[in-house]
Amino acid sequence: MNWLTNFVRPKIQQLVRPKEVPDNLWIKCGACEQMIFHRELEKNLQVCTHCGHHMRLPVKKRLELLFDDGNYKRIELPKVAEDPLKFKDLKAYPARIKEARSKTGEQDAIIVAHGAMGGIDVVIAAFDFSYMGGSMGMAVGEGLVAAAELAVVQDAPLIVIPASGGARMQEGILSLMQMARTTVAVEKVKEHGLPYIVLLTDPTTGGVTASFAMLGDIHVSEPGATIGFAGARVIESTIRQKLPEGFQKAEYLRDHGMVDVVAKRHDLRKTLVNILDLLRNRGPAGQVVPLRARIPAE
């Protein structure tokens, strides 16, 4: 055994060999195209430090941001048929599901959790856009129904956070049926006098927008979020007209009455807690002091 060849040389090569640098340390902003160090971006909640552009926030990070001390409990969602139509395009639908689950670690595109926000019990149903574009199939429909039922049982406000490209094409008409089912579930929450708040994030489109996402008592949105039904290019080709600047953006919809509040991500929790406090704590803000009866002058 040659110790110079087998031991010394590998050690020297290990010291002088260039180290591989991960290619995801710097992230390019989609708005201003500035490069941002990944730790700086994570610290700033995925908001560009140069232009304030709000990038997509992972669903679990969003839940930690909203709940008190980041603590919440998830519920197990009902099981559904995974390939009811035996659908296949370039890949079989079960293969796409397997790939999405491996990528995200989630069973489908929605998480239902409950906990406290500002000391007020709430139920949150949040979409995971990284799971097949947050598309709404039967599992998402069941998740929203379960969230509504849990809100009624706990006598708690329901907050829904959509981030979706719309209905899931692999489930065809069954995915479109979820528009009606989720609408009925939302109405049950409202019938019990419970607040229903929608936090619109980028993007909220398609059948999601055409159903539960625009039925909130109050609509809050992040800056620059794309919100609409059909895409802007589809609309322009249909009506043969140029759309206004910023069409389908959160600020445009706020100015035209479809969104109530546009809040920066750092202010979202405070904004939602204030809304919940106003809707749930209806008593006077301070102590009520009775007025003394005035004694008529003689």
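Note that this is a predicted model, so its numbers are computed, not measured.
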Separation between CD (E42) and CD1 (I36), nearest 0.5 Å, reads 12.0 Å

CZ/R62 to CD1/I111 distance, rounded to the nearest 0.5 angstrom? 12.0 Å

Given [X], which partner from the list [options] fulfils the side-chain contact (heavy atoms from CB on, under 4.5 Å) test?
| X | options | answer |
| --- | --- | --- |
| H219 | L200, L199, V261, V262 | L200 |
| I27 | H38, M35, Q34 | H38 |
| Q170 | L85, D83, D89 | D89 |

Does CG in D69 sit with more than 12 non-hydrogen atoms of other residues, nucleotides or ligands closer than 6.0 Å? no

Within a reach of under 6.0 Å around NE2 of H50, are more than 12 heavy atoms found that belong to other residues, nucleotides or ligands? yes

Which atom names give the shortest non-hydrogen contact between [X] and [Y], and what distance separates them?
| X | Y | value |
| --- | --- | --- |
| I110 | A139 | CG2-O, 4.3 Å |
| H54 | G52 | ND1-O, 2.9 Å |
| H114 | Q154 | ND1-NE2, 3.4 Å |

Using distance alone, with no hydrogens and no angle criterion, decide if H266 and N44 have a side-chain donor and acceptor under 3.5 Å apart. yes

Check: [Y] and [X] side chains under 4.5 Å, non-hydrogen atoms:
| X | Y | answer |
| --- | --- | --- |
| F247 | I235 | yes |
| Q248 | T204 | no |
| M179 | M136 | yes |
| Q178 | M138 | yes |
| I97 | Y131 | yes |

May I ask whether V145 and V160 are part of the same hydrophobic cluster, defined by side-chain heavy atoms of I, L, V, M, F, W, Y residues being less than 4.5 angstrom apart, directly or through others? no

Go through the steps to decide whether D217 and I197 satisfy the test side-chain contact (heavy atoms from CB on, under 4.5 Å), and finish with yes or no. CA-CA 6 Å; D217 298 314; I197 301 171; 5.7 Å; no

Aromatic plane relationship, F212 with F127 - under 30° parallel, 30 to 60° tilted, over 60° perpendicular: parallel

Exam field: side chain D68 to backbone G118, donor-acceptor pair closer than 3.5 Å: yes

Does R269 use its side chain to pair, donor to acceptor, with the backbone of L66 at less than 3.5 Å? yes

Between E142 and R181, is a salt bridge (charged side-chain N to carboxylate O under 4.0 Å, His left out) present by the stated rule, with each step listed? CA-CA 9 Å; E142 288 289 350; R181 295 188 70 232; 3.4 Å; yes

